[in-house]
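This report refers to the structure that appears directly beneath it.
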Amino acid sequence: HPVALASVVSSGCRRSGRQKLKNVTDPRTGRTVVRVVVDRAEPLRMLKLATILGSGLARRGPKGFERILLSSGFSDDALRAARVTSFFDVTYTLPRDMLAFAHVHSEAQAREAERVWPVEAKVQSRLDGNCTSLKLWLWALAQYRAIVYFDADVCFKGSAEQLTTFVTRLSRAGAPFLADVERNGRGYLGFNSHMMYLRPSQMLFEILRSKAALGDFVPFTNGEQDVIETVFSPHAGERLLKEVGGLPPNLHVGNKMVRKFKKDPICGADVALVERMLNESRSQSAPVPGAAAN
């Protein structure tokens with residue numbers, strides 16, 4: 001089975017930060033519920049970032065690794081950018097609501113739902129777990145021996161040799177999973193899933209999916225990281241990171257988006273390449289002035 005380099009994008013939620021909310025009436029129950037107001041420009045920015053990531057993986061990643069993109073909620077026209085650039089070998093389109101996710105934002109909510117509530121952590125108010133938990137579908141891709149995952153707002157800055165060595169060391173160690181570790185307001189050690197190594201398993205996928213849907217996790221980010229921490233050990237991950245020399249070089253821009261990429265010589269070259277290819281594609285598909293309509 002081949003090794004894959006992967007990313008995930010979804011159009012259904014804001015990526016991060018404060019959510020814009022509104023109260024609406026659920027037609028099924030008549031109750032007032034809170035819904036996220038989605039910034040429609042945000043998903044397209046994330047799709048562009050994924051394309052920039054793909055360019056870096058294509059230029060600097062191992063040639064024998066397959067590049068895949070999982071997407072949800074995008075039209076074919078929106079996905080055209082990823083296909084035009086040909087930086088991804090395979091684009092999987094997932095239905096918009098493939099995963100249910102059980103958010104909880106207060107101790108009272110947790111108590112009512114018979115959920116665990118952290119003592120020291122300041123639980124984040126994010127409501128995009130249904131989108132970020134699409135990462136859990138990577139475990140269902142059993143056609144791959146291993147997958148190295150990158151968030152769309154990550155730039156791979158390493159070399160093919162560094163990435164190959166990283167995968168080889170983890171494979172020889174028999175590691176099922178690895179990601180960066182952090183405390184970052186939790187009061188305990190957890191994972192940061194902006195870059196992950198994992199070995200797909202249908203059984204693990206079903207476990208992770210059910211935990212996400214039923215709320216069987218300690219809430220902190222209210223996303224897939226919380227779920228992953230219930231299955232894999234961050235303390236074991238911390239030791240393993242030291243053994244393999246850490247994650248391959250990468251730049252995680254977070255809310256800084258493309259502007260911070262452009263300031264980096266390596267990532268800036270990826271941005272320039274993608275923007276040039278997209279501009280050429282738009283000019284080739286634009287209608288000829290004065291041409292008769294069909």
Distance (rounded to the nearest 0.5 Å) between Leu53 CG and Lys48 NZ
14.5 Å
So how far is it from Arg169 CZ to Leu240 CG, rounded to the nearest 0.5 Å?
11.0 Å
Please assess Asp151 against Lys135 for the test salt bridge (charged side-chain N to carboxylate O under 4.0 Å, His left out), listing each intermediate value before the final yes or no.
CA-CA 9 Å; Asp151 275 355; Lys135 298 178 191 179; 2.9 Å; yes
Provide the closest heavy-atom pair for Ala152 versus Ser7 in the form atom of the first, atom of the second, distance.
N-OG, 3.5 Å
So Phe191 and Val181, do their side chains get closer than 4.5 Å, heavy atoms only?
yes
In the structure I gave you, are the side-chain heavy atoms of Leu251 and Ile266 within less than 4.5 Å of one another anywhere?
no
Restricting to non-hydrogen atoms, name the atom on Arg183 and the atom on Leu189 that form the minimum distance, rounded to 0.1 Å.
NH1-CD1, 3.6 Å
Apply the test salt bridge (charged side-chain N to carboxylate O under 4.0 Å, His left out) to residues Arg111 and Glu107: give CA-CA distance (whole Å), side-chain angles for both, the deciding distance (0.1 Å), then the verdict.
CA-CA 6 Å; Arg111 190 181 303 113; Glu107 186 173 0; 3.6 Å; yes
So which residues get pulled into Val218's cluster when ILVMFWY side chains under 4.5 Å apart are joined, directly or through others?
Val116, Tyr188, Phe220
Spacing of Leu136 atom CG and Ile207 atom CD1 [to the nearest 0.5 Å]:
12.0 Å
Decide whether Phe177 and Ile68 are clustered together by the hydrophobic rule: side chain heavy atoms of Ile, Leu, Val, Met, Phe, Trp, Tyr closer than 4.5 Å, transitively.
yes
I want to check something: taking the side chain as every heavy atom from C-beta on, are Trp117 and Val123 in contact at a cut-off of under 4.5 Å?
yes
Please check if the side chain of Thr164 supplies one atom and the backbone of Glu161 the other of a donor-acceptor pair under 3.5 Å.
no
Find out whether Phe101 and Thr132 are in side-chain contact, i.e. whether some heavy atom of one side chain is under 4.5 Å from a heavy atom of the other.
no
From CA spacing to verdict: side chain to side chain contact (heavy atoms under 4.5 Å, CB included), Val154, Met195
CA-CA 8 Å; Val154 170; Met195 180 177 176; 5.5 Å; no
Under 4.5 Å between any side-chain heavy atoms of Pro2 and Tyr144, yes or no?
yes
Close side-chain approach of Phe87 and Thr51, heavy atoms under 4.5 Å
yes
Test item: Phe150 and His252 side chains (from C-beta on) under 4.5 Å apart, heavy atoms
no
Stepwise side chain to side chain contact (heavy atoms under 4.5 Å, CB included) check, Arg115 with Gln109:
CA-CA 8 Å; Arg115 298 269 302 276; Gln109 287 180 345; over 6 Å; no
Reported CD-to-CD distance for the pair Gln202 and Glu206, which is rounded to 0.5 angstrom:
5.0 Å
Rounded to the nearest 0.5 Å, how far apart are CG of Leu5 and CG of Leu69?
12.5 Å
When hydrophobic residues are tied together by side-chain contacts of less than 4.5 Å, even through go-betweens, does Val104 share a cluster with Leu214?
no
Looking at Phe261 and Cys155, what are the two nearest heavy atoms and their distance?
CE2-CB, 3.3 Å
Short side-chain to backbone donor-acceptor contact, His103 and Gly129, under 3.5 Å
yes
Quick check: is Met196 connected to Val231 through a chain of hydrophobic side chains (ILVMFWY, heavy atoms under 4.5 Å apart)?
yes
Given 3.5 Å as the limit, does a donor-acceptor pair link the side chain of Lys262 with the main chain of Cys267, or not?
no
Does the pair Val148 and Val167 meet the rule for a side chain to side chain contact (heavy atoms under 4.5 Å, CB included), with working shown?
CA-CA 8 Å; Val148 182; Val167 171; 3.6 Å; yes
Any side-chain donor near an acceptor of the partner, Gln225 and Glu229, under 3.5 Å:
no
Glu182: salt bridge (charged side-chain N to carboxylate O under 4.0 Å, His left out) partners, not counting sequence neighbours:
Arg186
Taking C-beta and beyond as the side chain, do Ser171 and Arg145 meet within less than 4.5 Å on heavy atoms?
yes
Verify, without hydrogens or angle tests, whether Arg67 (side chain) and Leu57 (backbone) share a donor-acceptor contact under 3.5 angstrom.
no
Closest non-hydrogen atom pair between Phe232 and Leu204, with its separation:
CZ-CD1, 4.0 Å
Which of parallel (below 30°), tilted (30 to 60°) and perpendicular (above 60°) describes Trp137 and Phe205?
tilted
Asp216 side, atom CG; Asp226 side, atom CG - distance, nearest 0.5 Å
12.0 Å
What's the shortest heavy-atom distance between Asn222 and Gln124, and which atoms?
ND2-O, 3.0 Å
Go through Leu241 and Glu238 one step at a time and tell me if the side chain to side chain contact (heavy atoms under 4.5 Å, CB included) criterion holds.
CA-CA 5 Å; Leu241 280 168; Glu238 187 174 41; 5.6 Å; no
Heavy-atom pair with the smallest gap, counting every atom of Ile228 and Trp139
CD1-CH2, 4.0 Å
Do Met203 and Leu198 belong together in a cluster built from hydrophobic side chains that touch within less than 4.5 Å?
yes
Any donor-acceptor N/O pair, Arg60 side chain to Phe156 backbone, under 3.5 Å
yes
Classify the ring geometry between Phe166 and Tyr197 as parallel (under 30°), tilted (30 to 60°) or perpendicular (over 60°).
perpendicular
Salt bridge (charged side-chain N to carboxylate O under 4.0 Å, His left out) with Arg59: which residues, sequence neighbours excluded?
Asp270
